[in-house]
Amino acid sequence: MPVDVVKKSTKKGTTLLERKEAAKKPRGPLTVQERRERNLRLAKKLQEERLRASFGRARDADTKKKQWWEDLRDECEEGKEIAPTRKKVSRAEDNLAKLTKKQDQQSASLMARALQYRL
């Protein structure tokens with residue numbers, strides 16, 4: 001009896017390695033359809049790799065931007081204003097006061113002459 005005999009274990013009487021090898025499909029030459037499918041799959045993979053390479057490396061893990069984003073998120077959680085908001089101010093009263101104010105005599109004549117020359 002040879003010494004290299006593989007021990008039979010498990011209930012079925014075969015080892016895991018033997019079952020794995022038995023489950024493998026025998027490889028033969030590919031048919032035209034199988035080659036076409038393989039080539040399409042490889043072409044799609046290559047196209048995606050080229051597209052990703054054209055954009056450059058991923059910068060998601062850059063520490064400077066990551067730190068900035070973390071600080072901003074912390075400020076938002078604390079309730080601080082990110083940017084100051086504008087207050088609505090009505091200037092209607094100021095504008096009415098300017099319009100109803102009596103014009104100076106000199107400025108009124110100057111405006112009249114300017115309008116006369118313009119027309």
Side-chain angles (χ1 to χ4, degrees):
M1 285 205 110
V3 181
D4 336 351
V5 176
V6 178
K7 257 188 175 179
K8 302 259 181 184
S9 62
T10 69
K11 294 177 185 176
K12 293 185 179 179
T14 58
T15 63
L16 290 174
L17 183 62
E18 289 171 349
R19 279 188 262 159
K20 182 180 176 184
E21 288 174 1
K24 283 184 181 178
K25 199 163 93 176
R27 296 190 72 157
L30 297 176
T31 64
V32 174
Q33 181 64 29
E34 289 172 338
R35 274 186 274 148
R36 185 177 295 131
E37 290 171 358
R38 181 198 60 194
N39 290 344
L40 286 173
R41 190 176 58 250
L42 291 175
K44 191 173 184 180
K45 183 179 176 184
L46 181 63
Q47 182 183 15
E48 186 174 339
E49 287 176 3
R50 285 180 180 169
L51 179 65
R52 288 185 185 277
S54 69
F55 283 110
R57 68 176 184 86
R59 293 180 176 89
D60 297 343
D62 286 354
T63 56
K64 187 175 181 181
K65 284 188 178 183
K66 197 173 188 180
Q67 183 64 37
W68 174 83
W69 180 250
E70 294 294 327
D71 292 343
L72 181 65
R73 190 172 51 185
D74 291 342
E75 287 180 11
C76 291
E77 289 173 357
E78 291 172 4
K80 291 183 181 177
E81 279 188 35
I82 295 173
T85 55
R86 293 177 61 177
K87 292 183 182 178
K88 262 196 164 179
V89 178
S90 176
R91 302 208 189 280
E93 293 176 9
D94 296 339
N95 291 339
L96 283 174
K98 287 178 185 175
L99 289 172
T100 57
K101 188 171 92 172
K102 193 171 186 180
Q103 274 191 337
D104 189 27
Q105 189 67 10
Q106 281 184 333
S107 63
S109 64
L110 182 64
M111 283 297 286
R113 274 193 257 141
L115 289 173
Q116 183 182 16
Y117 288 127
R118 180 154 184 159
L119 298 174

Find the distance between [atom1] ([X]) and [atom2] ([Y]) and round it off to the nearest 0.5 Å.
X	Y	atom1	atom2	value
T15	K20	OG1	NZ	11.5 Å
R19	L17	CZ	CG	10.5 Å
L115	M111	CG	CE	5.0 Å
R113	Q116	CZ	CD	9.0 Å
L99	D94	CG	CG	11.0 Å

Are more than 12 heavy atoms from other residues, nucleotides or ligands located less than 6.0 Å from atom CD of E49?
yes
Looking at E34, I want to see if its CD is surrounded by more than 12 non-hydrogen atoms of other residues, nucleotides or ligands under 6.0 Å.
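More than 12 within 6.0 Å, yes.
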Going through the distances and angles, do E48 and K44 end up as a side-chain contact (heavy atoms from CB on, under 4.5 Å)?
CA-CA 6 Å; E48 186 174 339; K44 191 173 184 180; 5.7 Å; no
Please report the closest heavy-atom contact between R38 and L30, naming both atoms and the distance.
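Minimum heavy-atom separation between R38 and L30: NH1-CD1, 3.3 Å.
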For R50 and Q47, what are the C-alpha separation, side-chain angles and deciding distance, and is it a side chain to side chain donor-acceptor pair (under 3.5 Å)?
CA-CA 5 Å; R50 285 180 180 169; Q47 182 183 15; over 6 Å; no
Tell me who clusters with L51, hydrophobic residues only, linked when side chains sit under 4.5 Å apart either directly or through other members.
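Direct or chained contacts put L51 with F55.
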How would you list, by chain and number, every residue that makes a salt bridge (charged side-chain N to carboxylate O under 4.0 Å, His left out) with E93, sequence neighbours excluded?
none
